[in-house]
Amino acid sequence: METIAENRCFGGEQGVHRHRSEACGGDMTFGLFLPDEARDGPVPVLWVLAGLTCTHENAMTKAAAQGWAAEQGIALVFPDTSPRGEDVADDEAFDLGKGAGFYVNATEAPWAPHFRMWDYIAKELPALLEAEFPLDMARQAITGHSMGGHGALTLAMSLPGRFRSVSAFAPIAHPTQSDWGRKQFAAYLGADESRWAAHDATLLMRDKGFDGPVLIDQGADDQFLDLLKPEALAEAMATRRQDGAFRMQKGYDHSYFFISTFMEDHVSFHAEALYADAR
């Protein structure tokens, strides 16, 4: 593993690291914020998954999360959204290929050799973090924005016991019924739609729900509402009587201005779950 940058940040340290990924068949980069408490021992972890076209850097520099995480003594992990490199397949469209991994393991050509973001986030990167950094991997939570919100929700519901809480900002909530989902799932997973259901937060909520609290914030003036389909997830949460809250925020759009406005709420929400057995 190579450390690319380390910067003092809210009393802690914001690092950027690169490593060779077996899952993605190439080098991957991630950001890691460690609060000052990490000097004395392992700290809880909040994963922050970014959206379409983003890298590890977008949420790291725009979400305004480090200050709130420092107050709570929580580490933040900012993974990339897809594999990178000259030998990695890509597409001219912004919503397929590099920057658009959709947190799935691709099975179809030309994506299968590198686009294995599910294994990367669920298995490989957690193992690396636990081995190399003072992180308490028994206390994990996860959040994300847009495509990253989709990833956060599907990972949380598919890995029972892994995450104590899950939240999302404007998630792609029902991708099997949206152009932000059907296009990518057909490309990455093939034409058999039965294989897509495992990566649809609304269908997972209807089928199994999440074994912890959920917080969803959606901007009411989001320019992508028709693609996100938040109403489907809200209905599924209500029908299941899921422990959680779905909040429609009047006047807010899809941008990081929206995310940064409510980031304090999300970090505090996760802190309550992460420290539930210690307070």
Side-chain angles (χ1 to χ4, degrees), residues 1-21 24 27-51 53-84 99 101 103 117 120-121 124-137 139-149 151-152 155 163-169 255-271 273-275:
M1 188 180 66
E2 174 190 3
T3 297
I4 299 172
E6 290 179 322
N7 297 97
R8 192 73 170 156
C9 182
F10 290 99
E13 186 174 78
Q14 177 63 63
V16 178
H17 310 276
R18 181 185 296 122
H19 70 106
R20 184 71 181 178
S21 168
C24 296
D27 290 342
M28 295 292 288
T29 302
F30 65 92
L32 175 65
F33 170 73
L34 291 173
D36 189 55
E37 288 84 347
R39 296 173 180 268
D40 300 320
V43 295
V45 182
L46 174 58
W47 293 77
V48 185
L49 305 186
T53 75
C54 295
T55 69
H56 70 281
E57 192 172 32
N58 293 73
M60 187 180 78
T61 59
K62 297 180 181 179
Q66 289 91 339
W68 306 120
E71 285 192 7
Q72 301 287 356
I74 294 172
L76 301 170
V77 181
F78 303 98
D80 204 345
T81 55
S82 78
R84 310 280 172 175
Y103 304 99
M117 290 300 294
Y120 179 68
I121 299 296
E124 186 176 32
L125 187 53
L128 175 68
L129 293 170
E130 186 171 30
E132 299 290 341
F133 298 99
L135 302 175
D136 182 356
M137 301 304 281
R139 291 186 290 165
Q140 296 184 65
I142 191 166
T143 188
H145 170 232
S146 194
M147 182 185 73
L155 283 156
F163 302 104
R164 296 194 178 189
S165 52
V166 59
S167 72
F169 298 88
S255 71
Y256 270 93
F257 296 109
F258 158 61
I259 297 168
S260 61
T261 299
F262 298 101
M263 182 55 73
E264 179 184 9
D265 290 357
H266 284 244
V267 174
S268 297
F269 164 79
H270 291 296
L274 291 169
Y275 286 110

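Source: prediction; values computed, not measured. All heavy atoms count here, side chains included; hydrogens, waters and symmetry mates do not. For the single chain, residues carry numbers from 1 onward in sequence order.
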In chain order, what residues pass the side chain to side chain contact (heavy atoms under 4.5 Å, CB included) check against [X], with sequence neighbours excluded?
| X | value |
| --- | --- |
| Phe257 | Ser255 |
| Glu71 | Trp68 |
| Ala5 | Asn7, Val16 |
| Ser82 | Arg84, Lys98, Phe115 |

Just so I know, are the side chains of [X] and [Y] near enough to count as touching, which here means a heavy-atom distance under 4.5 Å?
| X | Y | result |
| --- | --- | --- |
| Val43 | Leu135 | yes |
| Trp47 | Leu155 | no |
| Met28 | Met117 | yes |

What's the separation between atom [atom1] in [X] and atom [atom2] in [Y], rounded to the nearest 0.5 Å?
| X | Y | atom1 | atom2 | result |
| --- | --- | --- | --- | --- |
| Gln66 | Ile74 | CD | CD1 | 12.5 Å |
| Asp136 | Leu274 | CG | CG | 9.0 Å |
| Phe169 | Phe258 | CZ | CZ | 6.5 Å |
| Leu76 | Met60 | CG | CE | 11.0 Å |

### Query
Just by modelled atom types, is the Cys54 backbone N or O under 3.5 Å from a matching donor or acceptor in the Thr81 side chain?
yes
#### Entry: Arg164 side chain to Arg139 backbone, donor-acceptor under 3.5 Å
no
### Query
Which residue pairs satisfy the salt bridge (Lys or Arg N to Asp or Glu O under 4.0 Å) criterion with at least one member in residues 55-66, sequence neighbours excluded?
none
### Task
Over 60° means perpendicular and under 30° means parallel, so classify the ring planes of Tyr120 and His19, tilted if in between.
parallel
Search all heavy atoms of [X] against all heavy atoms of [Y] and return the closest pair with its distance.
| X | Y | answer |
| --- | --- | --- |
| Tyr275 | Gln72 | OH-O, 3.0 Å |
| Ala64 | Ser260 | CB-CB, 3.9 Å |
| Ala152 | Leu49 | N-CD1, 3.6 Å |
| Val267 | Ala65 | CG2-O, 4.5 Å |
| His270 | Ala141 | ND1-CB, 3.4 Å |

Using side chain to side chain donor-acceptor pair (under 3.5 Å) as the criterion, list what pairs up with [X], not counting sequence neighbours.
| X | value |
| --- | --- |
| Glu124 | Ser21 |
| Thr143 | Ser167 |
| Thr29 | none |
| Tyr103 | none |

Quick one: side chains of residues 31-42, donor-acceptor pairs under 3.5 Å with protein atoms, not counting sequence neighbours, listed by atom name and distance.
residue: Asp36; atom: OD1; partner: Arg39; partner atom: NE; Å: 2.8

## Note on the structure
Sequence neighbours excluded, the answer for ring-ring contact (aromatic ring centres under 6.0 Å, His included) partners of Tyr256 is His145
### Query
Mind checking what makes ring-ring contact (aromatic ring centres under 6.0 Å, His included) contact with His17, not counting sequence neighbours?
Phe30, Phe133
